[in-house]
Amino acid sequence: MNNAVIKVEKSGLSTSIQDLGRMGYQQYGMVVSGAMDPFALQVGNLLVGNERNAAGIEAVIMGPKLVFLKDTVIAICGADLSPQLDGKDIPMWKSFFVQKGQSLSFGQPKKGVYTYIAVAGGIDTPVVMGSRSTYVKAGIGGVNGRFLQKDDMLHSSDVKEKIRLRRLPDNLIPIYQSDQKIRVILGPDRDAFSQRTVETFLTGTYEITKQTDRMGMRLNGPKIQHVSKADIISDSIFLGTIQVPANGQPIILLADRQTTGGYTRIATVISVDVARVAQNLPGGKLQFEEISVQEAQALHIKQEKILRQLAVGARIY
Amino acid sequence: MFQIEPFGDCGIRVQLGNSISREINAKVRSLSWFLEKENIRGVLEWIPTYAAVSIYYEPYVITFEELKKQVESLEERLEKITLPPAYVIKIPVIYGGDAGPDLEHVATHNGLNMDEVIHIHTSSDYLIYMMGFTPGFPYLGGMSEKVATPRLKEPRLKIPVGSVGIAGSQTGVYPMETPGGWQIIGRTPVKLYEPMRNKPILLKAGNYIRFVQVTESEYKEIERQVEDNSYEVETVLYEGE
């Protein structure tokens with residue numbers, strides 16, 4: 001059976017296969033991984049008629065060059081890395097047909113960092129612990145547990161129904177690298193910091209350093225002083241948790257984070273803002289704003305409704 | 001102590017104490033067991049640690065207030081719960097030699113000979129307080145202070161999978177090849193983490209580990225069985241101190 005749909009002509013920078021991650025094993029210390037911008041991947045999947053959790057190709061700043069080995073439908077959602085089909089600019093956040101022999105490439109990165117190429121049927125790689133997500137450190141998921149390389153062949157699962165081409169309404173397209181503040185919920189180690197220090201964190205501007213990857217983002221800005229110590233007895237870390245080690249400079253934990261850690265946690269970025277954090281390049285600046293759980297959950301539910309409505313439109317229930 | 005607070009907008013954390021102790025960790029285990037049994041709608045998974053349980057949930061299905069109420073109702077029942085028995089998982093270890101380059105140092109440091117270190121190390125059942133750090137890594141408690149040894153001054157760049165080590169008064173097993181500063185005293189052929197295995201992670205918080213010394217030929221035989229997937233770790237019921 002040869003149903004390869006894509007041949008990798010150029011690997012690009014850290015291109016990998018990702019779905020929504022390896023959930024359910026965190027109590028065993030298993031890293032979750034998954035798309036750095038889960039909203040973009042899910043929209044891409046829904047636009048090509050896939051389930052939300054199907055695996056897609058995550059491109060990072062410098063996208064890959066891919067050749068299609070058969071006719072299919074794709075969508076590109078996430079960062080604007082200037083996607084082109086056979087050298088011609090193509091729109092994002094909408095699905096379109098591609099023909100056997102056509103090639104997809106990327107040009108100048110314009111806005112954001114992570115973009116997703118969703119392919120009808122979803123990219124089919126072996127499922128490891130319930131997920132196809134690549135986790136390079138442990139060498140699992142995706143293609144042999146590594147970033148894509150030249151000459152890799154990617155397969156897709158069969159598509160049963162005819163796909164209707166669709167687009168995401170303009171008003172729902174996220175704006176990356178905006179000046180909007182990153183919203184957080186304080187805690188769980190709020191008490192490790194004085195009120196004044198929390199103010200410093202919430203009013204300061206933090207620059208994203210080069211020590212940034214799928215695991216997390218180290219920031220540099222006004223020092224966040226601890227009341228006494230920076231260490232806690234090992235405890236959980238969530239997606240978007242902001243740790244403050246002894247040097248007083250925050251670290252935001254992202255998709256490839258460890259499940260537990262020993263540094264104080266001043267706050268956690270709300271779920272709908274995690275992608276807005278991840279879509280920033282080193283050198284970018286972040287500011288934080290406290291909101292309530294109720295407000296954050298209202299935003300989460302609003303986003304979830306959008307995805308569910310898109311799924312209904314795609315007749316995926 | 002039973003303190004509930006939000007952990008971001010998709011998490012809730014229940015703090016059950018402030019220190020590393022068997023009593024507090026037993027509460028962590030009780031709450032985890034409840035979550036496993038109760039199957040609360042919207043709860044996706046949870047992470048038990050030394051003194052807290054953090055729960056991931058889907059706010060579209062259950063809001064913070066709703067889940068908080070449900071978790072609060074568990075507090076009283078926590079005391080009365082009958083926990084399922086804990087197990088002791090026997091981990092075969094070859095001590096010293098190439099597999100345990102620091103065994104001699106651990107012995108000298110503590111004024112013991114190497115056999116005494118092995119005897120002490122294999123004489124306790126170690127409680128798995130929590131899992132974390134890397135996939136399948138157990139945070140163990142209960143090592144005798146008689147073999148406690150500070151970490152290496154210069155961490156090694158590569159510690160082979162299965163290495164058994166001592167760091168201060170902690171002992172542990174490396175599930176993956178990583179850099180590290182532990183005093184390596186032996187190695188097990190058993191894989192704590194094997195993603196393609198039916199049960200990818202061997203250990204679970206709340207159970208115990210017992211190290212069992214094996215000879216080189218026994219080690220090789222177990223290694224062979226691990227490779228063809230026929231090895232089963234010996235597991236016995238935990239019978240207390």
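Here is the naming used below: chain letters follow the sequence lines, and residue numbers restart at 1 for every chain.
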State, yes or no, whether a side-chain contact exists between [X] and [Y] at a heavy-atom distance under 4.5 Å.
X         : Y         : answer
Arg13(B)  : Phe238(A) : no
Met129(A) : Ile201(B) : yes
Leu307(A) : Tyr60(B)  : no
His300(A) : Cys10(B)  : yes

Can you tell which part of [X] gets under 4.5 Å to a heavy atom of chain B, answering side chain, backbone, both or neither?
X         : answer
Ile237(A) : backbone
Ile140(A) : side chain
Glu295(A) : neither
Arg257(A) : side chain

inquiry  = Quick check: closest heavy atoms across Pro195(B) and Val128(A), and the distance to 0.1 Å?
reply    =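 It is CB-CG1, 3.6 Å.
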
message = On a heavy-atom basis, which atom in Gln27(A) and which in Trp46(B) lie closest, and how many Å separate them?
response =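 The pair with the smallest heavy-atom distance is CB-O, 3.3 Å.
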
Check this for me: [X], atom [atom1], are more than 12 non-hydrogen atoms of other residues, nucleotides or ligands nearer than 6.0 Å?
X         : atom1 : answer
Gln294(A) : CD    : yes
Lys37(B)  : NZ    : yes
Leu172(A) : CG    : yes
Tyr263(A) : OH    : no
Leu237(B) : CG    : yes

Give the member of [options] that has the highest number of heavy-atom pairs under 4.5 Å with chain B.
options                                    : value
Gln297(A), Lys137(A), Gln303(A), Glu304(A) : Gln297(A)
Ser236(A), Gly141(A), Gly187(A), Ser292(A) : Ser236(A)
Asp235(A), Ile270(A), Thr268(A), Ile291(A) : Asp235(A)
Thr260(A), Thr241(A), Thr259(A)            : Thr260(A)

query = Run the side-chain contact (heavy atoms from CB on, under 4.5 Å) check on Met130(B) and Ser234(A) step by step: do they pass?
reply = CA-CA 9 Å; Met130(B) 57 179 273; Ser234(A) 288; 3.7 Å; yes

Side chain, backbone, both or neither: which part of [X] has a non-hydrogen atom closer than 4.5 Å to chain A?
X         : value
Tyr129(B) : neither
Ile128(B) : neither
Glu65(B)  : side chain

task = To the nearest 0.5 Å, tell me how far Leu186(A) CG sits from Glu5(B) CD.
result =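 If we round to the nearest 0.5 Å, Leu186(A):CG and Glu5(B):CD are 10.5 Å apart.
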
Gap separating the OH atom of Tyr56(B) from the CE atom of Met23(A), nearest 0.5 angstrom =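 Rounded to the nearest 0.5 Å, the OH-CE separation comes out at 6.5 Å.
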
For chain A, the option from [options] that forms the most heavy-atom pairs under 4.5 Å:
options                                   : value
Leu44(B), Leu192(B), Thr134(B)            : Thr134(B)
Gln15(B), Lys204(B), Arg197(B), Met196(B) : Lys204(B)
Thr178(B), Asp9(B), Thr49(B)              : Asp9(B)

ask   = Between the side chain of Gln26(A) and the main-chain N/O of Glu45(B), is any donor-acceptor distance below 3.5 Å?
value =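 Not at all, since once roles are kept as given, no pair shorter than 3.5 Å links the two residues.
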
